Amino acid sequence: QWKAASGNTIVEQQKQLGESCDWERLRFTMDEGLSKAVLEVFVRLYEEGLIYRGERLINWCPRCLTALSDIEVEHEEVKGRLFHIRYPVADNPSVSLVVATTRPETMLGDTGVAVHPDDPRYRHLIGKNIHLPLTRREIPVVGDAILVDLEFGTGAVKITPAHDFNDYEAGERHQLPRLPIFDHQALLDPTALTSAGVEEDIIAAIARLPVAKARATIEQALKERGLLVKVEDHKMAIGKCYRCKTIVEPYLSPQWFVDIKPLAEPAIRAVEEGRIRIIPEGWINNYLGWMRDIKDWCISRQIWWGHQIPAWYCERCNEPFIHRQTNATGAVTRITLLQGAKPVVARSAPAVCPQCSGQQWLRDPDVLDTWFSSGLWPFSTLGWPEETPELKTYYPTSTLVTGLDILFFWVARMIMLGLKFMPDVPFRDVYIHALVRDAEGQKMSKSKGNVIDPLHVMDQFGTDALRFTLASMASPGRDLKLAEERIEGYRNFANKIWNAARFSLMYLEGPRTSRPSVERSFADRWILSRLNSAIRTVTSELDVYRFDRAASALYHFIWHEYCDWYLELIKPALQNPSHPDGPVTRQTLVDTLETTMRLLHPFMPFLTEEIWQTIPHEGESIVIQRFPSPEQAWDAPDAEPRFLLLEQAVSLIRTGRALLNYPPGQQIEYGVAHDNPDKQRQLQQLEPHLAHLSRGVPAISAQTAWPPAQRLRLVAEGLTIGLLVSGDVDLKKALDRLVKQREAQDKEISRLTGKLDNKEFAAKAPAEVLTEHRERLRNLQHDQALLASSEQQLRTLLGA
RNA sequence: GGGCGGAUAGCUCAGUUGGAAGAGCGCUGCCCUUACAAGGCAGAGGUCACAGGUUCGAUCCCUGUUCCGCCUACCA
């Protein structure tokens with residue numbers, strides 16, 4: 001139904017069926033429920049006087065032969081030419097006004113010339129008549145401060161009310177007649193030119209020419225008469241039809257309009273008052289600005305697909321206003337209802353004409369703008385105007401996710417029509433997602449050929465990887481460049497998860513015992529606590545539509561906490577069948593993996609479902625499970641700092657191993673000392689983990705108690721590790737590192753000292769900043785002593 | 001013309017009550033260590049566009065400049 005509403009499907013069908021398409025059949029296939037809603041809305045708005053028919057200047061596509069609303073017109077900057085044309089004063093041809101225009105061919109439809117009322121050059125001409133060149137007409141000079149910009153061009157502007165929007169307005173202000181000179185295909189119309197008093201030879205030269213060709217002819221004629229003063233290059237914007245890219249013409253024709261202000265006002269208030277939230281907020285002003293400046297909505301289209309307008313015309317009463325265009329064989333190809341026709345708007349054709357009792361009715365051939373029906377989507381899909389249970393349950397909905405490009409096309413219309421026909425807004429939140437661009441930042445477009453085909457990307461990297469990538473890049477207010485490397489990175493992430501699940505399954509054989517978190521092992525308590533934290537972050541970020549931060553929290557937790565550390569930490573318990581922690585660890589492994597899959601599921605639905613089905617679980621499908629919520633019992637405030645200590649020690653040992661070029665497999669011996677007794681004790685408790693993760697034999701004791709040997713000592717935040725140096729190793733790299741570290745610390749120490757010595761800093765900075773700075777300085781100075789001693793020992797070693 | 005946004009590592013981007021500069025990819029070195037080489041470990045790399053201002057202190061706040069996007073408009 002949505003596709004029908006948007007018209008996209010119909011357009012595709014139109015293409016496929018070509019000329020042989022059965023229009024009536026196609027109209028019939030449009031959803032009946034939607035048609036009913038459209039009919040109802042149209043009639044109700046008409047009865048309230050909010051829909052009217054009138055002859056107005058509208059944007060017209062001379063190729064599609066249909067009206068276009070403002071937002072269906074695309075603007076393009078082009079190089080144009082500005083023609084300066086001499087218009088002689090009627091009663092004194094020696095005096096003339098020079099007007100500037102980019103469209104000299106429209107001059108034949110001029111019905112006035114405007115100058116600024118304050119312009120001393122021309123003020124005296126206001127009220128006089130001007131002879132319009134190439135015609136037998138005289139037109140008045142009017143003063144108009146709105147149309148004329150004193151600074152621009154010559155200061156005199158021709159007025160062509162039938163072919164220019166501003167001139168239309170100006171024509172209204174000065175009661176100037178409207179003289180159209182183009183027909184509906186934007187060809188110069190000989191009949192109209194005759195009524196516009198154009199000279200016969202000019203008519204003969206330009207009749208039935210398209211505007212571009214007529215322009216050259218007019219230019220030539222003006223030149224021959226010496227009326228073309230000059231031509232200069234000029235940058236300008238032209239409008240093109242969003243469908244066929246034909247240059248649109250302002251065209252005078254009778255159309256159906258919605259009086260939009262009364263609908264827009266409640267829609268503005270709904271956003272101002274926060275009953276509808278737009279996220280990110282930056283777009284609110286965009287929306288409000290557009291809505292406050294909104295113009296009546298032209299809803300009739302002269303195309304054959306769409307919902308036909310429910311208006312009927314008595315053929316007898318309206319006979320003079322029904323224009324039938326025929327082809328060579330006499331068949332009617334197009335019916336146009338001219339200005340003056342009197343419609344009867346009703347849900348079905350009237351029986352008899354109230355005026356003449358005639359019974360022959362012609363239904364308006366126009367159809368509605370596709371966004372008219374799309375705008376009804378929030379309630380028409382739910383059975384409106386019937387009061388269905390669905391309508392009651394699902395209106396309003398919570399969130400509408402959309403791109404900026406249809407915020408006005410679609411979202412604004414849904415808000416206006418929803419508020420008009422329902423007692424509440426159609427949705428609470430509107431989330432505007434970023435526009436995806438290609439790797440060069442270009443907007444994707446079919447004509448440019450730089451479209452990244454999602455199906456192709458999904459084949460290459462997987463659907464979950466693409467989905468996760470888009471989520472991770474969804475920073476608000478910023479368009480995103482989709483680069484393949486990024487997707488590839490998340491493909492690897494998906495692979496990592498898959499392997500982690502495979503690993504878990506390998507070791508799940510055997511009994512599992514559930515215990516309260518506090519009774520589980522260090523590793524278990526730590527990961528449960530971290531999982532809790534991940535749940536909190538992901539949930540709160542999703543609440544505020546920060547999909548990027550939620551995705552990155554998941555990525556970090558799964559890869560760099562769960563895989564890198566937890567799975568490594570529990571290997572001894574899993575791989576040794578008689579390990580006492582085995583049963584509880586296996587249970588924790590299931591608990592955490594299962595929860596993590598549910599947490600990740602919205603981001604990677606396929607992978608998580610697949611894994612979830614293979615691990616112990618309850619329920620039929622992950623998609624209908626509850627989204628995880630934090631378990632307070634999982635918080636382990638003691639385990640987290642312990643882990644950081646362990647991580648720090650392991651990293652330092654690994655650094656030493658790399659510096660000494662000891663291969664990862666080689667068992668090493670080292671001493672571990674911390675100058676904080678508490679932490680030293682904690683390290684002793686973590687000894688098995690330390691040994692396992694470092695693949696080595698630690699001696700955790702004061703440095704003085706380490707077995708005598710040649711050692712490389714590394715220092716970080718009070719922690720010293722001393723690796724046994726054996727065999728033929730190059731200590732130069734290690735010395736370089738120590739020196740570099742010491743220099744960096746020197747710099748930091750002098751920075752902190754300088755800051756703390758600054759009296760104003762000491763006086764004005766908050767107390768906690770001061771204590772934190774002092775603490776850091778003390779630690780650094782302490783490390784500095786350790787480093788210095790380490791460096792000296794190393795130099796001694798090198799010297800020996 | 002008006003409005004909005006951006007300028008942070010080689011690339012793509014995070015970084016909100018102002019108080020030690022972050023991630024991914026890429027790069028360098030060592031590893032096929034029994035989940036994973038689409039991987040592991042350890043590293044290198046930044047005057048946070050420019051110029052002023054506010055502040056004890058600025059990537060963050062203010063002003064101006066340059067460059068790049070987007071939206072919008074009738075400059076004939």
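Each chain gets a letter, A, B and so on, in the order the sequences are listed, and its residues count up from 1. Here the structure is a predicted model, which means the values were calculated and not measured.
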A:Q745 atom CD, over 12 foreign heavy atoms within 6.0 Å:
yes
What is the nucleic acid contact for A:G155, judged by heavy atoms within less than 4.0 Å: base, sugar-phosphate only, or nothing?
base
To the nearest angstrom, the CG-P distance between A:L660 and B:rG29 comes to 19 Å
Quick one, give me the B/S/- string for nucleotides 31-40 of chain B, reading 5' to 3', where B means a protein heavy atom under 4.0 Å from the base and S means that only happens at the primed atoms, P, OP1 or OP2.
S-B-BB-BSS
Which is true for A:L147 with a 4.0 Å heavy-atom rule: it touches a base, it touches only sugar-phosphate, or it touches nothing?
base
Can you name the residues that form a side chain to side chain contact (heavy atoms under 4.5 Å, CB included) with A:L644, not counting sequence neighbours?
A:E647
With heavy atoms under 4.0 Å as the rule, sort A:V99 into base, sugar-phosphate or nothing.
nothing
Kindly indicate whether the side chain of A:L176, heavy atoms from C-beta on, has any atom under 4.5 Å from the side chain of A:I159.
yes
Touch check for A:S552, heavy atoms < 4.0 angstrom, all strands: base, sugar-phosphate only, or nothing?
nothing
Would you call the rings of A:Y490 and A:Y555 parallel, tilted or perpendicular if under 30° counts as parallel and over 60° as perpendicular?
perpendicular
Nucleotide nearest A:R549 when distance is taken to its side chain, options B:rG43, B:rA76, B:rG15
B:rG15
How is A:N758 classified with respect to the nucleic acid when contacts are heavy atoms under 4.0 Å: base, sugar-phosphate, or nothing?
sugar-phosphate
In this structure, how many angstroms lie between the C1' atom of B:rC74 and the CZ atom of A:R173, rounded?
11 Å
For nucleotides B:rC50 and B:rA58, find the distance between their P atoms and express it as a whole number of Å.
15 Å
Nearest whole Å is fine: how far is B:rA73 P from A:E169 CD?
15 Å
Runs of at least three Watson-Crick or G-U pairs with RNA chain B, cut-off 3.5 Å
B:1-7 with B:66-72, B:10-13 with B:22-25, B:27-31 with B:39-43, B:49-53 with B:61-65
Rounding to an integer number of angstrom, what distance separates B:rA14 and B:rG6 when you compare their P atoms?
9 Å
Mind checking the C1' distance from B:rU59 to B:rA7? Whole angstroms is fine.
12 Å
For nucleotides B:rU66 and B:rA51, find the distance between their C1' atoms and express it as a whole number of Å.
11 Å
Short N/O separations, protein against nucleotides 46-48 of chain B, under 3.5 angstrom:
none

State which residues pass side chain to side chain donor-acceptor pair (under 3.5 Å) with A:T101; sequence neighbours excluded, sorted by chain then number.
none
Would you say the side-chain atoms of A:E219 pair up with the backbone N or O of A:L228, donor to acceptor, closer than 3.5 Å?
no
For B:rA44, does either OP1 or OP2 sit under 4.0 Å from a side-chain N or O belonging to A:K740?
yes
Please report the distance, rounded to the nearest Å, between CE in A:M107 and P in B:rA76.
18 Å
Rounded to whole angstrom, note down the P distance from B:rG26 over to B:rC11.
15 Å
Take atom CZ of A:F761 and atom P of B:rA20, then tell me their distance rounded to the nearest Å.
9 Å
Inter-residue atom distance A:Y670.OH - A:L690.CG, 0.5 Å rounding:
3.5 Å
Inter-nucleotide P distance (B:rG1, B:rG64), Å rounded:
16 Å
Report yes if the side chains of A:M107 and A:Y87 come closer than 4.5 Å at any heavy-atom pair, otherwise no.
yes
Is the distance from the ring center of A:Y431 to that of A:F547 below 6.0 Å?
yes
Is the distance from OP1 or OP2 of B:rG24 to the nearest side-chain N or O of A:S472 less than 4.0 Å?
no
Tell me yes or no: between the side chains of A:T160 and A:D110, is some donor less than 3.5 Å from an acceptor?
yes
A:S96 side chain to A:R86 main-chain N or O, any donor-acceptor pair under 3.5 Å?
no
Let's see if you can work this out: which of B:rC56, B:rG19, B:rA14 has an atom nearest to the side-chain heavy atoms of A:R546?
B:rA14
Which listed nucleotide (B:rG43, B:rU12, B:rG19) is nearest to the side chain of A:E772?
B:rG19
Can you tell me how far C1' of B:rC4 sits from CG of A:L407, to the nearest Å?
14 Å
With respect to the side chain of A:N286, which nucleotide from B:rC71, B:rG43, B:rA20 is positioned closest?
B:rC71
Inter- and intrachain pairs under salt bridge (charged side-chain N to carboxylate O under 4.0 Å, His left out), touching residues 557-575 of chain A, at least two apart:
A:R530-A:E561, A:E568-A:K571
A:R657 side chain vs A:S694 backbone, donor-acceptor pair below 3.5 Å
yes
Do the side-chain N or O atoms of A:R737 get closer than 4.0 angstrom to the phosphate oxygens (OP1, OP2) of B:rA42?
no
Would a distance-only check, ignoring hydrogens and angles, find a side-chain to backbone donor-acceptor pair under 3.5 Å from A:D548 to A:M473?
no
Atom CZ of A:F557 and atom C1' of B:rA23 are separated, to the nearest Å, by 18 Å
Determine the interatomic distance between C1' on B:rA38 and the same-named atom on B:rG24; round to the nearest Å.
15 Å
Contact class for A:H773 vs. all strands (heavy atom < 4.0 Å): base, sugar-phosphate, or nothing?
sugar-phosphate
B:rA20 phosphate, OP1 or OP2, under 4.0 Å from A:R776 side-chain N/O:
yes
Rounded to whole Å, NE2 of A:H692 lies from P of B:rC41 at a distance of 13 Å
Given B:rC56, B:rG19, B:rA42, which nucleotide is nearest the side-chain atoms of A:K755?
B:rG19
From the set B:rG45, B:rG19, B:rA76, return the single nucleotide nearest to any side-chain atom of A:A765.
B:rG19
Nucleotide nearest A:Y555 when distance is taken to its side chain, options B:rC25, B:rA76, B:rA44:
B:rC25
Taking the nucleotide of RNA chain B with the nearest heavy atom to each, does A:R103 or A:F408 sit closer to the 5' end?
A:F408
When the nearest nucleotide of RNA chain B is assigned to A:D548 and to A:A762 on a heavy-atom basis, which residue is associated with the more 5' position?
A:D548
A:L505 versus A:I615: any side-chain heavy-atom pair under 4.5 Å?
yes
Between B:rU55 and B:rA73, how far apart are the C1' atoms? Round to whole Å, please.
41 Å
